[in-house]
Colleague: 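Handing you this structure, nothing more for now.
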Number of protein chains: 2
Amino acid sequence: MTKRTKKTGLPQELSVGDVARRSGVTVSTLHFYETKGLVSGYRNAGNQRRYPRSILRRVAVIRIAQRAGLSLSEIREALETLPNGRQPSIRDWRRMSGAWRDALQDRIESLLKLRDQLDLCIGCGCLSLTDCPLRNPGDIKGKSEEIT
Amino acid sequence: MTKRTKKTGLPQELSVGDVARRSGVTVSTLHFYETKGLVSGYRNAGNQRRYPRSILRRVAVIRIAQRAGLSLSEIREALETLPNGRQPSIRDWRRMSGAWRDALQDRIESLLKLRDQLDLCIGCGCLSLTDCPLRNPGDIKGKSEEIT
DNA sequence: CATTGACCTCAACCTTACCTGAGGTTTTAT
DNA sequence: ATAAAACCTCAGGTAAGGTTGAGGTCAATG
């Protein structure tokens, strides 16, 4: 554990281990995120990673975006839109999370559609290639030939 | 293309290429599925794969289950519950797809929850570690210590 | 001031779901 | 009968998202 400020009991800079414990990701994941350009920090005299407390919010944002279905590279791109490497402010967070919410909504809608098709088709069980929406996601009508 | 029955114009047995064209997966995917125990067929005198027409339904079922979010090994397990390697009947299909529908429903619900939390938190932007549901998916209250 | 836990780098490995290509055989069409 | 198209096996590759381990350094503790 990195040393603590006497007054607050809160460390002002965090080691990888601190960040790992507090953010719920492993140290190796933090290293990995660093190689992918998702997080960064500085090094102390002994070449050990040190992070400002804002890293915690950044990692939280990354994990939320992952849950919403974004890939790490999409997340990196989104984080890169922050002016000169700033940590996400409330305003930034609002903009990014709004976009992610919409992507998430799209995903949800396509899953709902699949679920409804399943509901329909569980009853009939036909799985007709030309007619069943489950087999024909794009709604492309088959050739004249019968298939299944 | 495998040779066709004179009467119907429909091949009674299908080659990998036929299956690929008709099912929308590639030949290499069919090979791959075979190594994973998801599909099987027999071999002709020249060691080429031949499949009964029911393979098409089987592949369709696999792809639907994938879209619903199941892994290939889960799908294999489900297909293995079919008595003595039978192809899925309407009854089987109903049982499996019912279970998948429920798994899909769970996924949808967790995404909906995430979306609603995003909606709430887009406004506030706090991302408080101890209070924000987005940062605290399991609803576990943090330690006494303040974190972010 | 020595020990022990935490860190460092780098390379290799893991899982899922496939794809690619080399080198050789079989089928189909002409 | 022959050439082209399709098929075969097997090894190796890809991408994402990490994990593991070796060999060595740094820092907090008694």
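Chain letters run A, B, ... following the sequence lines, proteins first and then strands; every chain starts at 1.
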Colleague: Just compare C:dT9, C:dC18, D:dC7 and give me whichever is closest to any side-chain atom of B:Leu72.
Modeller: C:dC18
Colleague: Any side-chain N or O of A:Arg21 below 4.0 angstrom from OP1/OP2 of C:dA6?
Modeller: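 The answer is no; no side-chain N or O of A:Arg21 sits under 4.0 Å from OP1 or OP2.
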Colleague: Tell me the interatomic distance from B:Asn47, atom CG, to D:dC10, atom C1', rounded to whole angstroms.
Modeller: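 After rounding, the gap between these two atoms is 14 Å.
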Colleague: Taking the basic N atoms (NZ, or NE/NH1/NH2) and the acidic carboxylate oxygens, is any pair closer than 4.0 Å for A:Lys113 and A:Glu109?
Modeller: no
Colleague: If only side-chain N and O atoms of A:Thr29 are considered, is one of them under 4.0 Å from the OP1 or OP2 phosphate oxygen of D:dT19?
Modeller: yes
Colleague: Assign each of B:Ala45 and B:Ser73 to its nearest nucleotide of DNA chain C by heavy atoms, then name whichever residue's nucleotide is nearer the 5' end.
Modeller: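 It is B:Ser73 whose nearest nucleotide is closer to the 5' end.
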Colleague: It should be established whether B:Arg63 places a side-chain nitrogen or oxygen under 4.0 Å from OP1 or OP2 of nucleotide C:dC18.
Modeller: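 B:Arg63 to C:dC18 OP1/OP2: side-chain N or O found under 4.0 Å.
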Colleague: Let me know the distance between CG of B:Leu30 and C1' of C:dA17, rounded to the nearest Å.
Modeller: 14 Å
Colleague: State, to 0.1 Å, how close A:Val19 and A:Ile55 come at their nearest heavy-atom pair, and which atoms those are.
Modeller: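 Minimum heavy-atom contact is CG2-CG2, 3.8 Å.
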Colleague: In whole angstrom, give the distance that lies between atom CZ of A:Arg50 and atom C1' of C:dC7.
Modeller: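 From A:Arg50 CZ to C:dC7 C1': 9 Å.
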Colleague: Among C:dC8, C:dC7, D:dG17, find the nucleotide with the atom closest to the side chain of A:Phe32.
Modeller: D:dG17
Colleague: Nearest to the side chain of B:Gln66, which nucleotide is it out of D:dG17, C:dA17, D:dC8?
Modeller: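 Among the listed nucleotides, the one closest to the side chain of B:Gln66 is C:dA17.
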Colleague: Closest heavy-atom contact between B:Trp100 and B:Ala65?
Modeller: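 The answer is CZ3-CB, 3.3 Å.
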Colleague: Taking only the side-chain nitrogens and oxygens of A:Tyr33, find out if one of them lies under 4.0 Å from OP1 or OP2 of D:dG18.
Modeller: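 It does, given that an N or O in the side chain of A:Tyr33 lies less than 4.0 Å from OP1 or OP2 of D:dG18.
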Colleague: Just N and O in the side chain of B:Arg49: are any of them under 4.0 Å from OP1 or OP2 of D:dC7?
Modeller: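 Looking at the OP1 and OP2 atoms of D:dC7, neither is under 4.0 Å from any side-chain N or O of B:Arg49.
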Colleague: If the cut-off is 4.0 Å, is B:Gln48 near the phosphate of D:dT9, judged by side-chain N/O to OP1 or OP2?
Modeller: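 B:Gln48 to D:dT9 OP1/OP2: no side-chain N or O under 4.0 Å.
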Colleague: Do any N or O atoms of the protein come closer than 3.5 Å to N or O atoms of nucleotides 20-22 of chain C, and which pairs are they?
Modeller:
none

Colleague: Calculate the interatomic distance between A:Ile75 atom CD1 and D:dA16 atom C1'; express it in whole Å.
Modeller: 12 Å
Colleague: D:dG17, OP1 or OP2 - any side-chain N/O from A:Arg76 closer than 4.0 Å?
Modeller: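 Result: no.
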Colleague: Mind listing the closest non-hydrogen atom pair of A:Tyr42 and A:Pro52 along with its distance?
Modeller: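 Shortest heavy-atom separation between A:Tyr42 and A:Pro52 comes out as CE2-CD, 4.0 Å.
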Colleague: Between B:Gly46 and A:Lys36, which is nearer to the 5' end of DNA chain D once each is assigned its nearest nucleotide?
Modeller: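 That would be B:Gly46.
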Colleague: Between C:dC18 and B:Thr26, is there an OP1 or OP2 to side-chain N/O distance shorter than 4.0 Å?
Modeller: no
Colleague: In terms of side-chain heavy atoms of B:Val16, which of D:dG18, D:dC8, C:dC7 is nearest?
Modeller: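 The closest nucleotide is D:dC8.
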Colleague: Find which nucleotide of DNA chain C each of B:Asn44 and B:Ser71 is nearest to by heavy atoms, and output the residue with the more 5' nucleotide.
Modeller: B:Ser71
Colleague: What's the shortest heavy-atom distance between A:Arg101 and B:Leu118, and which atoms?
Modeller: CA-CD1, 4.0 Å
Colleague: How about A:His31 and A:Val27: do any of their side-chain heavy atoms sit closer than 4.5 Å?
Modeller: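 With C-beta onward as the side chain, the pair touches.
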Colleague: Atom CG of A:Asp18 to atom P of D:dA27: distance rounded to whole Å?
Modeller: 14 Å
Colleague: Quick one: closest heavy-atom pair of A:Glu13 and A:Asp18, and the distance?
Modeller: O-OD2, 4.3 Å
Colleague: Shortest non-hydrogen contact from A:Leu30 to A:Val16?
Modeller: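 That would be CD1-O, 3.6 Å.
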Colleague: What's the CD-C1' distance between B:Glu34 and D:dT9, to the nearest Å?
Modeller: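 After rounding, the reported distance stands at 12 Å.
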Colleague: In whole Å, I'd like the distance from the NE2 atom of B:His31 to the P atom of D:dG13.
Modeller: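 Rounded to the whole Å, the gap is 21 Å.
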